[in-house]
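A quick write-up on the structure given underneath.
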Amino acid sequence: MEGAQKFFDKEWQRTVYCGDVSGKSGEEIPVVVNGWVRRRRDLGGLIFIELWDHTGAVQVVFNPELTPEVHEQARELRSEFVVSVKGRIHVRPEGTANPSMKTGEWEIVAGDFLRLAPAAPLPFEIGELTDKVDENLRLHYRYLDLRREKMQRNLRLRHKIAMYTRNFLSAGGFLEIETPMLTLSTPEGARDYLVPSRVNPGSFYALPQSPQIFKQILMISGFDRYFQIVKCFRDEDLRADRQPEFTQIDIEMSYLVEEDIFSLIEQYLQGLFKETIGVDVATPFRRMSYWEAMDRFGSDKPDLRIPFEIVDLSPVFAGSSFEPFRDIAARGGYVRGIPLPGGASLSRKNLSDIEEKAKRLGARGLSPFQIKDGELKGPLVKYLDESSQSLLKSSSSIGDGDALFVIAGSDRREVSEILGTLRLELAREHGLVAKGAWEFLWVVDFPLFERDEEAGRWCAVHHPFTSPCSEDIPLMDSNPGSVRSRAYDCVLNGNELGGGSIRIHDPLIQEKVFSCLSFTKEAARERFGFLLDALSSGTPPHGGIALGMDRLAMLLSGAASIRDVMAFPKTQKAQCLMSGAPSAVPGEQLKELCIKTVSAGTSEKHAPSQEKTDPK
RNA sequence: GGGGUCGUAGCUCAGUCGGUUAGAGCGUCGGCCUGUCACGCCGAAGGUCGCGAGUUCGAGUCUCGUCGGCCCCGCCA
């Protein structure tokens, strides 16, 4: 060992990224590369290491004859050590190139190297197989998980989305304006995350569920076009596409009608898909009313990649001798079915499993039909005469080899939702979701209110600032349930990408909506007085939309969950396994905030259990 | 709050009908190896079968509870 100690200085800074190494035959270009030892192959004589950074990997070779001392030190290198290597780019000897590597024609013959940092043995190997590792572990050691090619790709894609969004909207005259993270708690909607105010003992801020009111006020202030890539928070239970904190692309504009938002978003998504994944998206998107979506697909976010839809069979059974269905049809109820192409091959067991599923979803029963060798089969066939049978086939467009599942009920939405869920599950199970398709859709004409039976009042389907359709305003008193709103959702492949509305800009209508929602004048003033005042101060017609950036990134990357496109996501119990948040806090801290917890609040058991994954 | 599913070595998994000392591959550690690229060969270490009760002569295996991950329902304006 020579005495002179080596430090990381200018001399050791990379001159090229690992993935960018290339050369010409006959030349030996001197280079310095920095990175992680992803793999080592020690042949006893020659030592090969694959050195990795975010651009890719390059092979470094240590030769005991050329540099015996350096070779001896290189034997100590292990996975994920951080090193700087000085060497020369060589074309690999005849027959040793690796065509599966971008840099596979070349290698760096090491002249010297500097060990910048060691790494403890890894809890799991870093590579594509890591997808199979317990997500528990991946989240605990997120820094290692993120070092993987795939996670790097996903987060770089996410960055591209953010950049494209800013450029596109900025070029369109939209101004990015930040709105507060410490805001007022609102009673409608999701549960708020609360933040105690030390200087206002007993009072709480809420983290925003969306910057809704602030962006409306920015319109009132005359900014005309606003956008923000913004974190939002909702204290509700998690799903594969739902996290307690998530990122919205939030947009608002003045003096607009629905068409302006539609064409803006269509143009934006068209450009984004081209830019990020090279896909051509056709515009304009399809439009569908809420009730058409419910009737045909049993969902307000239909997946149009699936080539079959719900059919109305009331006319078929109105004339049948099967009493339960005939009566329901006669009383104005709904007899509907979902066809399954190729479903004739389903066994008795398959059919009863599907019926079980339907019952779990709330159906009273499920009647299957199958067409085998041209013959209609099923327990209810005997109740149908010849003409009803052919009406059944023609109205559901089923032919030989297909199946049809029929349910009946008095609630239009309930019947459709059950069939809609079956449609999704059957299509997935039988591989009937068109691959590589991107089916965009605007869902419009949502109801403005829906009945909250538990609370015994009407509540807003979208939010209380959504404008009713002007021709439905007279219905607000007589029949609130039939009032349509000027809200719209953007749906992609059965995912709600985002939603928005034309807002109320008339303070009288806003007060009217509050009263329909059973807010007393006083309560409305207390909660939203500042908005009502603002609305009274000269408000242009305005509206907007918010797109879920995590979902967008998930769909563009093909990830199965938004966790895979977020750097530090939380588990289903809303915990961060890496940092251990949320945690109990010292009593002193609570005292300062004038907060006392009851029961489990301060107990240790709230810390995430780490028996299995504790790094120590 | 509810339903489903999973939990065995650092990782991925196998473990039969409840029966001897719980196995494999990868990784780790040691040895050999000069053109490997998931290097190869030889050897070794490594286990609270998530945790706790119960049934049993005997539990990784059966029962109940509990903790945790994931999927779903409710919830998510």
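What you see is a predicted model; the values in this text were computed from it and never measured. Here is how names work: the chains are called A, B, and so on, in the same order as the sequence lines, proteins then strands, and each is numbered from 1.
When heavy atoms are screened at a 4.0 angstrom cut-off, A/Arg38 is found touching no nucleic acid atom at all. Counting any heavy atom pair closer than 4.0 Å across all strands shown, A/Ser210 reaches a base atom.
The distance from atom NZ of A/Lys132 to atom P of B/rC26 is 15 Å, rounded to the nearest whole Å. If you measure from atom CD of A/Glu135 to atom C1' of B/rU12, you get 16 Å, rounded to the nearest angstrom. The nearest whole Å value for the distance from the CG atom in A/Asp241 to the P atom in B/rC70 is 14 Å. As rounded to whole Å, 14 Å separates atom C1' of B/rU12 from atom CZ of A/Arg138. Regarding A/Lys570, its NZ atom lies at a distance of 13 Å from the P atom of B/rC70, rounded to whole Å. Taking atom CG of A/Leu144 as the reference point, atom C1' of B/rG27 lies 14 Å away to the nearest angstrom. Following rounding to the nearest Å, A/Phe446 (CZ) and B/rC76 (C1') show an atom-to-atom distance of 14 Å. Spacing between atom CG of A/Leu137 and atom C1' of B/rG27 amounts to 14 Å, rounded to whole angstrom units.
Using a 4.0 Å cut-off between charged side-chain N and carboxylate O, A/Lys512 and A/Asp506 make no salt bridge. One finds a salt bridge joining A/Arg39 and A/Glu125 here, because a Lys/Arg side-chain nitrogen approaches an Asp/Glu carboxylate oxygen to under 4.0 Å. Under the 4.0 Å criterion applied to side-chain N and carboxylate O atoms, A/Arg115 and A/Glu76 are not assigned as salt-bridge partners. Using a 4.0 Å cut-off between charged nitrogen and carboxylate oxygen, A/Lys349 and A/Asp353 count as a salt-bridge pair. Salt bridge annotation for A/Glu245-A/Lys231: present, with a cationic side-chain nitrogen under 4.0 angstrom from a carboxylate oxygen. Checked for salt-bridge contact, A/Asp300 and A/Arg413 miss the test: no charged N lies under 4.0 Å from a carboxylate O.
If you take atom C1' in B/rG40 and the same atom in B/rG25, they sit 16 Å apart, rounded to whole Å. B/rA53 sits 40 Å from B/rC75 when the P atoms are compared, rounded to a whole Å. The same atom, P, is picked in B/rA38 and in B/rG50; the two are 35 Å apart, to the nearest Å. A distance of about 14 Å separates the C1' atoms of B/rA22 and B/rU16, rounded to the whole Å. For the C1' atom pair drawn from B/rC6 and B/rA14, the interatomic distance equals 16 Å after rounding to whole Å. Spacing of P atoms, B/rC57 relative to B/rG18, comes out at 16 Å, to the nearest Å. The same atom, C1', is picked in B/rU56 and in B/rC62; the two are 10 Å apart, to the nearest Å. Going from the C1' atom of B/rC13 to that of B/rG74 covers 35 Å, rounded to whole Å.
For the pair A/Arg412 and A/Trp291, the cation sits on the ring face: its NZ or CZ lies under 6.0 Å from the ring centre, inside 45° of the axis. With A/Trp106 as the aromatic partner, A/Arg92 does not meet the cation-pi criteria of under 6.0 angstrom to the ring centre and within 45 degrees of the ring axis.
Checking B/rC11, B/rC76, B/rC70 against the side-chain heavy atoms of A/Val133 singles out B/rC11 as nearest. Closest to the side chain of A/Glu125, from the set B/rC72, B/rC26, B/rC76, is B/rC26.
Between the side chain of A/Arg242 and the base of B/rC76, at least one donor-acceptor pair of N or O atoms lies under 3.5 Å.
Pairing of B/rA9, defined by two Watson-Crick or G-U wobble distances under 3.5 Å, is not identified with any nucleotide. Across all strands shown, B/rA53 forms a Watson-Crick or G-U wobble pair, both distances under 3.5 Å, with B/rU63. Pairing of B/rU16, defined by two Watson-Crick or G-U wobble distances under 3.5 Å, is not identified with any nucleotide. B/rG43 is paired with B/rC29 under the Watson-Crick or G-U wobble criterion, all donor-acceptor distances under 3.5 Å.
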Legend entry - Protein proximity profile, nucleotides 28-40 of chain B - base contact B, sugar-phosphate-only contact S, no contact -, cut-off 4.0 Å on heavy atoms: -SS--BBBBBSB-

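A donor and an acceptor atom, one from each side chain of A/Asp250 and A/Tyr226, are located under 3.5 Å apart. Using modelled atom types and a 3.5 Å distance limit, the side chains of A/Gln228 and A/Thr179 yield a donor-acceptor pair.
When each of A/Arg191 and A/Leu122 is assigned the nucleotide of RNA chain B bearing its nearest heavy atom, the one mapping closer to the 5' terminus is A/Leu122. Place A/Arg563 and A/Glu450 on RNA chain B by their nearest nucleotides, and A/Arg563 ends up nearer the 5' end.
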When you compare the protein's N or O atoms with those of nucleotides 1-3 of chain B, which come within less than 3.5 Å of each other, and at what distance?
{"from": "B/rG1", "atom 1": "O6", "to": "A/Asp237", "atom 2": "OD2", "distance (Å)": "3.3"}

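Ring pair A/Tyr290/A/Phe446 is tilted by interplanar angle, where 30° to 60° counts as tilted.
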